[in-house]
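Worksheet: the structure to be examined is printed underneath.
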Amino acid sequence: MRKLLIALTLSTIALTPAMADNKAITVDEMAGYLEFVDYGGGTIFAEQIPAEEYKKMFVIDARDKAQFDKSHIPGAVNIEWRQVLAQKDKIPKDKPVLIYCNTGSLSAQAGFALRVAGYENLRILQGGYEEWKTKGGMNAYKKAVNKQPKH
């Protein structure tokens, strides 16, 4: 028993520097991302997305299943915000990806994680699903264009 305890203690001590090194690498990666990302470059407003563009995107609803089942953007796939890295194999890198939650805060966290993981094709829906609905949903772009003054 004593040998097992000593072996476990030594293996824990041996792993600690490796874990510290991994944490330092992760922090460096995040810092590098934050230094070079352009402000607002990862967000998009509902009124910037023409209805036909949704068909060209991989849309992620990052809310929980109950909220998704109640209502969501047509064509969206439900991947809860905490699961985006665990399910990243489902997320394409070769087409635009739009991610949203209710208000944009949790999808922003998921989006940050995906960007650090190498997803450069990602946009976060500013204001989330609630703002999307308020602005007209699939017709938000059309409504915004029609409000523009005619010259």
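None of the values given here were measured: they were computed from a predicted structure.
Ring planes of Tyr54 and Trp132: perpendicular class, angle over 60° (limits at 30 and 60°).
Of all heavy-atom pairs between Lys135 and Ala46, the closest is CD-CB, 4.4 Å. Across all their heavy atoms, Ala144 and Glu47 have their closest contact at CB-CB, 3.5 Å. Nearest approach of His72 to Tyr129, heavy atoms of both residues: N-OH, 3.5 Å.
Gln109 meets the side chain to side chain donor-acceptor pair (under 3.5 Å) test with no other residue; sequence neighbours excluded. Legend: residues meeting ring pair (Phe, Tyr, Trp, His ring centres under 6.0 Å) with Tyr141, ordered by chain and number and at least two apart, are absent. Not counting sequence neighbours, Asp89 has no partner by the salt bridge (Lys or Arg N to Asp or Glu O under 4.0 Å) test. Evaluation of the side chain to side chain donor-acceptor pair (under 3.5 Å) rule for Lys95 yields no partner, not counting sequence neighbours.
At distances below 3.5 Å, at least one donor-acceptor pair connects side-chain atoms of Asn121 with backbone N or O atoms of Pro92.
Leu98 and Phe45 sit in two unconnected hydrophobic clusters of ILVMFWY residues. Membership requires side-chain heavy atoms under 4.5 Å apart, directly or through other members.
Atom CD of Glu130 is surrounded by more than 12 heavy atoms from other residues, nucleotides or ligands within 6.0 Å.
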Working for side chain to side chain contact (heavy atoms under 4.5 Å, CB included), residues Phe58 and Ile91: CA-CA 8 Å; Phe58 186 81; Ile91 304 169; 4.2 Å; yes

CA sep, side-chain torsions, deciding dist, call: Phe112, Ile124, side chain to side chain contact (heavy atoms under 4.5 Å, CB included): CA-CA 9 Å; Phe112 175 73; Ile124 298 155; over 6 Å; no

Side chain to side chain contact (heavy atoms under 4.5 Å, CB included) between Arg123 and Ile49, intermediate numbers included: CA-CA 11 Å; Arg123 293 289 178 262; Ile49 310 170; over 6 Å; no

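With Leu125 as reference, Ile73 is the one residue of Ile73, Ile60, Thr103, Ile99 to meet the side-chain contact (heavy atoms from CB on, under 4.5 Å) rule.
Residue Phe68 belongs to no hydrophobic cluster, having no ILVMFWY side-chain heavy atom closer than 4.5 Å to its own.
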Taking distance alone, no hydrogens or angles, what donor-acceptor pairs closer than 3.5 Å link side-chain atoms of residues 79-88 to residues at least two apart or in another chain?
unit_1, atom_1, unit_2, atom_2, d
Glu80, OE2, Arg82, NE, 3.3
Glu80, OE2, Arg82, NH2, 3.3
Gln87, OE1, Lys90, NZ, 2.9

